[in-house]
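Structure first, then comments.
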Amino acid sequence: MAFTTTMLSWSTIEYGKRMGPQMKEARAAIRYAADYFLKCATSTPGRLYNPVSDVAAETAAALAAASIVFRKVDPSYSKLLLRTAQKVYQFALQYQGSYSNSLVSAACPFYCSYSGFKDELLWGAAWLFRAANAVYYYKLVKSLGADDQPDIFSWDNKYAGAHVLLSKRALLNGDKNFDQYRQEADNFMCKVLLNSPPSTTQCTQGGLMFKLPESNLQYVTAITFLLTTYSKYMSATKHTFNCGNVFITTNTCRQANILVQLVHELT
């Protein structure tokens, strides 16, 4: 639920101007979820309902992302969301661990935290940096590193999303301190683009991107969002890169995304 809220908020932040009358509906959905997370975080002082680091850091990410959505339309609500996000993130740092370690029989195998909790800590810090623009979160982001090399993006593994989110600072703001995340985002694209030499992506017989046998479309949807958004950043700065001997431009990412969406619709 927290991941869904973060992604809906990110979608609204990036593409809200194109949503027309659906922008109101998107804000309503985000507020509905954010209100629930506020209750989880404030009902009992010093306690978060749904701990530990992975769930807490993702909840912080959802609240921070939502705070950006409401910054102009409801400033007081936005500030409440950001304050709560900061407190929840401190909870995630203080009580480190994966929720599924204490809920093995209830969470596994379907909702085990296979990627651990460091990706959520990076993801949460990235969103808090985006929302608060504070040096503290910048230092946290840098301390958490960017050396994971994912070929997937999902509710469980957030590394690729964090890398693309942080790459915006390098590409659009020209901040060299974030070049490592731009490089990580490039590497991720190389692993998911079908015609890229390092690609680990397979396709179904009908041409749909295939990642995992359980609920494959969730991975397709999340990955195509990153393809679309990263190509947007690339287009704004005319950024290009190489995947082995293949030259990648913003059109490469967009065409791959259009193909995946078309096959998705046909299935």
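For the numbers below, each heavy atom of this structure counts, side chains included, while hydrogens, waters and symmetry mates do not. Quick note: residue numbers are just sequence positions, from 1.
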Practice task
Measure the CD-CG distance between Gln86 and Leu128 for me, rounded to the nearest 0.5 Å.
Solution key: 6.0 Å

Practice task
Please tell me if the side chains of Gln202 and Lys211 come closer than 4.5 Å, counting only heavy atoms from C-beta onward.
Solution key: no

Practice task
Evaluate whether atom CG of Asn173 has more than 12 neighbouring non-hydrogen atoms of other residues, nucleotides or ligands under 6.0 angstrom away.
Solution key: yes

Handout entry: Flag for Asn177-Asp175: side-chain donor and acceptor within less than 3.5 Å
Key = yes

Handout entry: side-chain contact (heavy atoms from CB on, under 4.5 Å) between Leu227 and Phe225, worked out
Key = CA-CA 5 Å; Leu227 280 167; Phe225 176 85; over 6 Å; no

Exercise for the section: Measure from NZ or CZ of Lys232 to the centre of the six-membered ring of Tyr15 and say whether it is under 6.0 Å with the direction within 45° of the ring axis. Expected result: yes

Exercise for the section: Determine whether the side chains of Tyr138 and Asn133 contain a donor N or O and an acceptor N or O closer than 3.5 Å. Expected result: no

Handout entry: CG-CG distance between Leu82 and Leu63, expressed to the nearest 0.5 angstrom
Key = 9.5 Å

Handout entry: Residues forming a salt bridge (charged side-chain N to carboxylate O under 4.0 Å, His left out) with Asp35, sequence neighbours excluded
Key = none

Handout entry: Short side-chain donor-acceptor distance under 3.5 Å, His239 and Asp186
Key = yes

Problem - Student check: side-chain heavy atoms of Leu121 and Trp123 closer than 4.5 Å - result: no

Exercise for the section: Begin from the C-alpha positions of Leu194 and Cys203 and carry the test side-chain contact (heavy atoms from CB on, under 4.5 Å) through to its verdict. Expected result: CA-CA 8 Å; Leu194 293 175; Cys203 284; 3.5 Å; yes

Exercise for the section: Report yes if the distance between the aromatic ring centroids of Tyr36 and Tyr32 is under 6.0 Å, otherwise no. Expected result: no

Handout entry: Linked, directly or transitively: Met19 and Met7 (ILVMFWY side chains, under 4.5 Å)
Key = no

Exercise for the section: Measure the shortest side-chain to side-chain distance between Glu14 and Tyr233 over non-hydrogen atoms and say whether it is less than 4.5 angstrom. Expected result: yes

Practice task
May I have the step-by-step check of side-chain contact (heavy atoms from CB on, under 4.5 Å) for Phe91 and Arg47, ending in yes or no?
Solution key: CA-CA 8 Å; Phe91 181 98; Arg47 180 183 295 271; 5.6 Å; no

Problem - Crowding at NZ, Lys118 (>12 non-hydrogen neighbours, <6.0 Å) - result: no

Problem - Closest contact, heavy atoms only, Tyr219 versus Ser154 - result: CE2-CB, 3.4 Å

Exercise for the section: For residues Gln96 and Ser53, determine if any side-chain heavy atom of one lies less than 4.5 Å from a side-chain heavy atom of the other. Expected result: yes

Exercise for the section: Give a yes or no on whether Glu25 atom CD has more than 12 heavy-atom contacts from other residues, nucleotides or ligands under 6.0 Å away. Expected result: yes

Exercise for the section: Could you state whether Leu208 and Phe210 fall into the same hydrophobic cluster, counting links through intermediate Ile, Leu, Val, Met, Phe, Trp or Tyr residues with side-chain heavy atoms under 4.5 angstrom apart? Expected result: no

Exercise for the section: Taking atom types as modelled, find out whether Asn157 and Ser115 have a side-chain donor-acceptor pair closer than 3.5 angstrom. Expected result: no

Practice task
Using distance alone, with no hydrogens and no angle criterion, decide if Gln183 and Asp179 have a side-chain donor and acceptor under 3.5 Å apart.
Solution key: no

Problem - Output field: ring centroids Trp127/Tyr137 closer than 6.0 Å - result: no

Handout entry: Pairwise side-chain contact, Val192 with Ile152, heavy-atom cut-off 4.5 Å (strictly under)
Key = no

Exercise for the section: Evaluate the side-chain contact (heavy atoms from CB on, under 4.5 Å) criterion for residues Arg182 and His163: first the C-alpha distance (whole Å), next the side-chain angles of each, then the deciding distance (0.1 Å), finally the verdict. Expected result: CA-CA 7 Å; Arg182 190 264 311 153; His163 297 160; over 6 Å; no

Exercise for the section: Ignoring hydrogens and angles, state whether a donor on the side chain of Gln180 or Lys142 is under 3.5 Å from an acceptor on the partner side chain. Expected result: yes

Exercise for the section: Report yes or no: do Thr6 and Glu58 form a side-chain donor-acceptor pair below 3.5 Å? Expected result: yes

Problem - Tyr114 and Ser100: side chain donor to acceptor below 3.5 Å - result: no

Problem - Distance-only polar pair, side chains of Glu120 and Tyr159, donor-acceptor under 3.5 Å - result: no

Practice task
Establish, yes or no, whether a centroid distance under 6.0 Å links the rings of Phe153 and Phe3.
Solution key: yes

Problem - Basic-acidic side-chain contact under 4.0 Å: Asp74, Arg27 - result: no

Exercise for the section: Please examine the side chains of Phe129 and Arg169, heavy atoms only from C-beta on, and report whether any two atoms are closer than 4.5 Å. Expected result: yes

